[in-house]
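All values below come from the heavy atoms of this structure, side chains included, with hydrogens, waters and symmetry mates left out.
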Amino acid sequence: MASTLSELTNKSVTLLTCDGRLITGTLLGYDQLQNLILKQSYEKVYSMEAPVEQVELGLFVVRGDNVAVISEVTTADDGIDEDVRAEPIPPIVQNVT
């Protein structure tokens, strides 16, 4: 994973956390535990009752064990689509037996 993260440094990324948050920002750095530092970051909050809400986070640190998926943003994000309504993303649970 670390080689992929080095390729994503200083690029715009979107990540899905294990608790269901969708966060976008510029990957500023990471460490050996894959803790991520994002700058100019924001979270998109989905709801069935209201349009998508964009919450500005600024400089943001995400623990590596809380990252489920990370992807480079390859297109310009035009902001918020006011017509989109969706169920919140449920938490990702690992079943260990």
Side-chain angles (χ1 to χ4, degrees):
M1 179 184 230
S3 65
T4 303
L5 287 177
S6 65
E7 295 168 6
L8 294 175
T9 303
N10 295 318
K11 294 184 180 176
S12 185
V13 296
T14 294
L15 59 94
L16 175 63
T17 64
C18 292
D19 58 355
R21 298 173 71 185
L22 193 63
I23 301 172
T24 301
T26 302
L27 181 61
L28 191 60
Y30 62 94
D31 64 10
Q32 68 273 16
L33 299 175
Q34 279 82 39
N35 297 314
L36 307 177
I37 302 171
L38 301 174
K39 67 177 181 179
Q40 299 171 342
S41 62
Y42 59 89
E43 177 182 3
K44 286 188 178 179
V45 180
Y46 293 88
S47 168
M48 290 301 290
E49 293 79 35
V52 179
E53 179 183 356
Q54 182 170 310
V55 178
E56 295 296 325
L57 302 173
L59 188 64
F60 197 72
V61 177
V62 182
R63 283 181 51 122
D65 62 354
N66 194 31
V67 177
V69 179
I70 185 168
S71 175
E72 182 178 2
V73 176
T74 56
T75 60
D77 188 358
D78 299 22
I80 300 293
D81 185 352
E82 296 293 329
D83 298 327
V84 173
R85 302 240 191 313
E87 290 288 334
I89 301 170
I92 298 168
V93 180
Q94 180 181 11
N95 295 325
V96 179
T97 56

For this session: Examine the side chains of Thr74 and Glu72 and answer whether a donor and an acceptor come within less than 3.5 Å of each other.
Result: no
For this session: Could you check Ile23, Leu28, Thr24, Leu59 and say which one makes a side chain to side chain contact (heavy atoms under 4.5 Å, CB included) with Leu38?
Result: Ile23
Exercise. Which distance, rounded to the nearest 0.5 Å, do you find between the CD of Glu53 and the CD of Glu43?
Worked result: 8.5 Å
For this session: Measure the shortest side-chain to side-chain distance between Leu5 and Leu27 over non-hydrogen atoms and say whether it is less than 4.5 angstrom.
Result: yes
Exercise. Between Asn35 and Gly64, is there a donor-acceptor pair closer than 3.5 Å when you use the side chain of the first and the backbone of the second?
Worked result: yes
Exercise. Quick one: side chain to side chain contact (heavy atoms under 4.5 Å, CB included) partners of Thr26, sequence neighbours excluded?
Worked result: Lys39, Gln40
Problem set entry | Full working for side chain to side chain contact (heavy atoms under 4.5 Å, CB included) between Thr17 and Leu15 | CA-CA 6 Å; Thr17 64; Leu15 59 94; 3.5 Å; yes
Exercise. With side chains defined as the heavy atoms from C-beta onward, is the minimum distance between Tyr30 and Thr9 less than 4.5 Å?
Worked result: yes
Problem set entry | Set of side chain to side chain contact (heavy atoms under 4.5 Å, CB included) partners for Glu56, sequence neighbours left out | Tyr42, Gln54
Problem set entry | Value rounded to 0.5 Å, distance of CG in Leu36 from CG in Asp31 | 8.5 Å
Exercise. Taking only residues two or more places apart in sequence, or in another chain, which ones meet Val61 in a side chain to side chain contact (heavy atoms under 4.5 Å, CB included)?
Worked result: Ile37
Exercise. Rounded to the nearest 0.5 Å, how far apart are CZ of Arg63 and CG of Leu33?
Worked result: 8.5 Å
Exercise. Rounded to the nearest 0.5 Å, what separation is found between the OG atom of Ser71 and the CG atom of Leu16?
Worked result: 11.0 Å
Exercise. Is there a side chain to side chain contact (heavy atoms under 4.5 Å, CB included) between Leu22 and Tyr46 once you walk through the steps?
Worked result: CA-CA 9 Å; Leu22 193 63; Tyr46 293 88; 3.9 Å; yes
